[in-house]
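First comes the structure, then the notes that go with it.
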Amino acid sequence: MLFKPDSTDDEKRTAPRKRSLLSRVLGRMVSLLITLVILGGLGYLGWLAFQPKQNGGGGRGAGARPDLPVPVLAATPQVHDVPVYLDGVGSVRALNTVTVRSQVDGKLLKVNFVEGQDVKKDDVLGEIDPAIYQAQYDQAVATKAKDEALLANQKIDLARYEQLAATNAGSKQQADTQRALVAQQEAIIKADQAQIDNARTTLGYTKIVAPIAGRAGLRQVDQGNIIHAADTTGLVILTQLRPIAVWFSLPQQQIMRVNAASAKGQLAVDVFGNDGVTVIDTGKLTGIDNQVDPTTGTLKLKAELPNASYQLWPGQFVNVRLKVETLPQAIVVPTSAVQRGPAGTFSYVIGEGDIVTAKPVTVTQQNEHEAVIASGLTTSDRVVTTGFANLADGAKVVVGKDDGPPAADLAPRKRSRNPDGKRGAQGEGQGKDGKKDWQGKDGEHRGRHEHSEGDQKGQTGPAPAPAAGGEQSGSAPKAQP
C-alpha cells in the first residue's frame, strides 16, 4: 500500500532553518549598526579635537582677540659695572685644630676650663699631681751640688800639684792626672745640669697648657682620673674659629681663569647663609691646590674669613662664590626679558606705536635677576619682561605699571572647549576681590557664588542652579572674563 507524505512534516523541518537564517541576518545588521555608531562617535570626537586648532591657530593664544593690544610689562636696559663670580660648594674648616694631650702620666688634680669656653694661648687647662716629678727635680739639683763640691776640691789639689811640679818637688804626671780629673768633673756637672733641665721640664708638663688660642670642645677626661701620655683622646680638643677657613671646589675648566685673576691681585670670596641668598661673611682667597682631583675633575681652593659673629662652624657645608673680575659699564636687562627660540636668544623690543619686534641678542652672562647683553640692545630700547603668553612679532602691546607684586591672573588661564567649538577659561575665574563668577553654556552671567560667614576659609559650595526657563547647561562652568 502506498502512502502520501504529509506536507506539514516538511514545513516543520524547514521552519527552524528559516528562522536561523533570519536571526543571523539580523545579528549581522545589528553588529554593522553598532560599528557605524562607534565610528561616527570617534569621527565626531576627532572633529571636536581638531576644531579648536582651526579656530585658535596663529601666533596669538587661542581665544585671544587680535584687535586688542597685549598687556605687558617693560623695562629699560641699565648700564653699570657687573661683577663676575664663579660659584662653588665647600665646607668650613678650622685654621688650626689641636688635641691637647698630657705629656706625663699622673693623677688629674684640676680641670681649669669649661666646655665651650674660649681660651688663650698658654692658659692652664689642667693640672697633674707633681709630687713624683718634684722629687726627681730636687734629686737632680742635689746631685749637681755634690759634684760641684767635689770639683772645688779637685781644683785645689790641681793647684798644689802644679806648684810642686814647677819646683820639681812633685811629679808632672801627677799634675796632669789631676788636671784630667778636674775636666772630667766639670763634664759631670754639665750632665747634672742637663738632668736638672730635664726634671724641670717634666715637672712643667704637670700643668697642661693651651698651645693655641681657640674654643675648647667637650672634656674627654674628668678630674680625679689617671691620665697617660699614651692616651689618644687627650684632655680636650681646641679649635680656632676666628679666623676660619673654607675649602671649596671649582670645575677644572676654570683653572686658567682663576690663575689669571689671582695673578692680578687678591680675590674676594663670599659665603652664603642657609637661604642661599644672604652673604654672611666675606674673606680672601689664600690658596690654590697644585693638582686636579681626577675622580671629580675639580680643583680645590682655600679661603680665609674673619668669622667675627661665629656664623661659620667647622664641618658646615656652604655655598661659595669667587669674584674673578668686573665687567665695566655693561648693558644689563632683567633675566625675564631674554627669551630663547630656535635661532638663539632674543628679546621683544617695543617700537613706535607700541609695536613689538623680536631682536636677537648676545648674552655674556646671566643669573636669576639680571642678564648682561653684549650686543643687540641699547639703553634707549624698551624690552618686554612679562606677558609673553599672547605675544608675537609685530603685535601691538599696552605697557602696564609694575607697582606691586604680580596678581594671580597675570598668568595665562587654562582654556577649555565649549560645545559651540569656542574656547573659554575652564573652571572658576577669580577676580581681584577674591570672589568667583560663574557662567553657563550660553555664556550668560548666571550669578556670583560668595562665601557665607560660617563657611571655612577657602571652602566653596555648589554652583547656583540656572534660572527657570533657561537652557539647561551640561558643560563645565566658564569663568567670567
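What's counted below: heavy atoms across the whole structure, side chains too, no hydrogens, waters or symmetry copies.
- Residue pairs that meet the side chain to side chain donor-acceptor pair (under 3.5 Å) test with at least one member in residues 274-284, sequence neighbours left out, are D270-T282, D275-T278.
- The side-chain heavy atoms of V246 and R93, taken from C-beta on, include no pair separated by under 4.5 Å.
- For D289, the salt bridge (Lys or Arg N to Asp or Glu O under 4.0 Å) test picks out no residue, with sequence neighbours left out.
- Applying the 6.0 Å contact sphere to CD of Q329 captures more than 12 heavy atoms from other residues, nucleotides or ligands.
- In plain terms, the two heavy atoms of T298 and T296 that are nearest each other are OG1-OG1, 2.7 Å.
- Only one option out of V100, L125, V114 pairs with V119 in a side-chain contact (heavy atoms from CB on, under 4.5 Å); it is L125.
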task = Show your working on side chain to side chain donor-acceptor pair (under 3.5 Å) between D231 and T233 and close with a plain yes or no.
result = CA-CA 6 Å; D231 293 340; T233 57; 5.7 Å; no

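- Summarising the geometry, atom CD1 belonging to I189 is positioned 6.0 Å from atom CG belonging to D147; distances are rounded to the nearest 0.5 Å.
- At least one side-chain heavy atom of E148 sits less than 4.5 Å from a side-chain heavy atom of K144.
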Mind running side chain to side chain contact (heavy atoms under 4.5 Å, CB included) on V318 and F272 for me, showing each step along the way? CA-CA 7 Å; V318 291; F272 293 94; over 6 Å; no

Determine, stepwise, if the pair V332 / V82 fulfils side chain to side chain contact (heavy atoms under 4.5 Å, CB included). CA-CA 8 Å; V332 180; V82 178; 3.5 Å; yes

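- Considering only heavy atoms from C-beta on, L235 stays 4.5 Å or farther from Q220 through its side chain.
- Rounding to the nearest 0.5 angstrom, the gap separating the CD1 atom in I288 from the OG atom in S262 is 4.0 Å.
- A side chain to side chain donor-acceptor pair (under 3.5 Å) check over residues 351-361, counting only residues at least two apart or in different chains, returns the pairs D354-R382.
- Considering only heavy atoms from C-beta on, R321 comes within 4.5 Å of V279 through its side chain.
- For I331, the side-chain contact (heavy atoms from CB on, under 4.5 Å) criterion is met by P77, V79, I373, not counting sequence neighbours.
- In this structure, K172 NZ and T177 OG1 are separated by 14.0 Å, a value rounded to the nearest 0.5 Å.
- For residues 365-377, the pairs satisfying side chain to side chain donor-acceptor pair (under 3.5 Å) are T362-S375, with sequence neighbours left out.
- A salt bridge does not link K120 with D123: none of the charged nitrogens is closer than 4.0 Å to a carboxylate oxygen.
- Side-chain contact between V70 and F388 is absent, with no heavy atoms from C-beta onward closer than 4.5 Å.
- Contact detail for V324 and A261: the closest heavy-atom pair is O-CB, 3.4 Å.
- Of the possible polar contacts, one joining the Q223 side chain to the L109 backbone as a donor-acceptor pair under 3.5 Å is found.
- Nearest heavy-atom pair across Q240 and A94 is O-CB, 3.4 Å.
- For the pair N225 (side chain) and I227 (backbone), a donor-acceptor distance under 3.5 Å is absent.
- Listed here is the closest heavy atom pair of A175 and L158: O-CD1, 3.4 Å.
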Hey, can you pull the donor-acceptor pairs under 3.5 Å for the side chains in residues 337-346, sequence neighbours left out?
residue : atom : partner : partner atom : Å
Q339    : NE2  : S336    : O            : 2.9
T345    : OG1  : V361    : O            : 2.6

Output side-chain donor-acceptor pairs under 3.5 Å for residues 251-259, partner residues at least two apart or in another chain, one line each.
residue : atom : partner : partner atom : Å
R257    : NH2  : E325    : OE2          : 3.2
N259    : ND2  : I255    : O            : 3.3

Side-chain donor-acceptor distances from residues 309-317 under 3.5 Å, at least two apart:
residue : atom : partner : partner atom : Å
Y310    : OH   : R242    : NE           : 3.0
Y310    : OH   : R242    : NH2          : 3.3
Q316    : OE1  : W313    : N            : 3.1

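- Annotation: side chain of V320 is not in contact with side chain of V89 (no heavy-atom distance under 4.5 Å).
- Minimum interatomic distance between V372 and A330 (heavy atoms only, all atoms of both residues): CG1-CB, 3.7 Å.
- Residues meeting the side chain to side chain donor-acceptor pair (under 3.5 Å) test with T326, sequence neighbours left out: none.
- Evaluation of the side chain to side chain donor-acceptor pair (under 3.5 Å) test over residues 194-217, restricted to residues two or more places apart or in two chains, returns D118-R215, Y137-R200, Q193-D197, D197-R200.
- Qualifying ring-ring contact (aromatic ring centres under 6.0 Å, His included) partners for Y161, counting only residues two or more places apart in sequence or in other chains: none.
- Contact detail for D222 and L108: the closest heavy-atom pair is O-CD2, 3.6 Å.
- A distance of 7.5 Å separates CG in L305 from CG in N307, rounded to the nearest 0.5 Å.
- Note: T286 OG1 to Q266 CD = 9.0 Å, rounded to the nearest 0.5 Å.
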Could you go through L95 and K302, starting from their C-alpha distance and side-chain angles, then the distance that decides it, and tell me whether this counts as side chain to side chain contact (heavy atoms under 4.5 Å, CB included)?
CA-CA 10 Å; L95 281 180; K302 180 181 179 182; 4.2 Å; yes

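- Distance NZ/K396 to CD1/I350: 10.5 Å, rounded to 0.5 Å.
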Could you go through Q185 and I188, starting from their C-alpha distance and side-chain angles, then the distance that decides it, and tell me whether this counts as side chain to side chain contact (heavy atoms under 4.5 Å, CB included)? CA-CA 5 Å; Q185 192 64 28; I188 292 175; 3.8 Å; yes

Only pairs under 3.5 Å count here: list side-chain donor-acceptor contacts from residues 128-136, not counting sequence neighbours, and write none if there are none.
residue : atom : partner : partner atom : Å
D129    : OD1  : A131    : N            : 3.3
Y133    : OH   : D105    : N            : 3.4
Y133    : OH   : D105    : O            : 2.5
Q134    : NE2  : D138    : OD1          : 3.2

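- Between L73 and V399, every side-chain heavy-atom pair lies at or beyond the 4.5 Å cut-off.
- Contact annotation: the side chain of I237 never approaches that of V98 to less than 4.5 Å [non-hydrogen atoms, C-beta and beyond].
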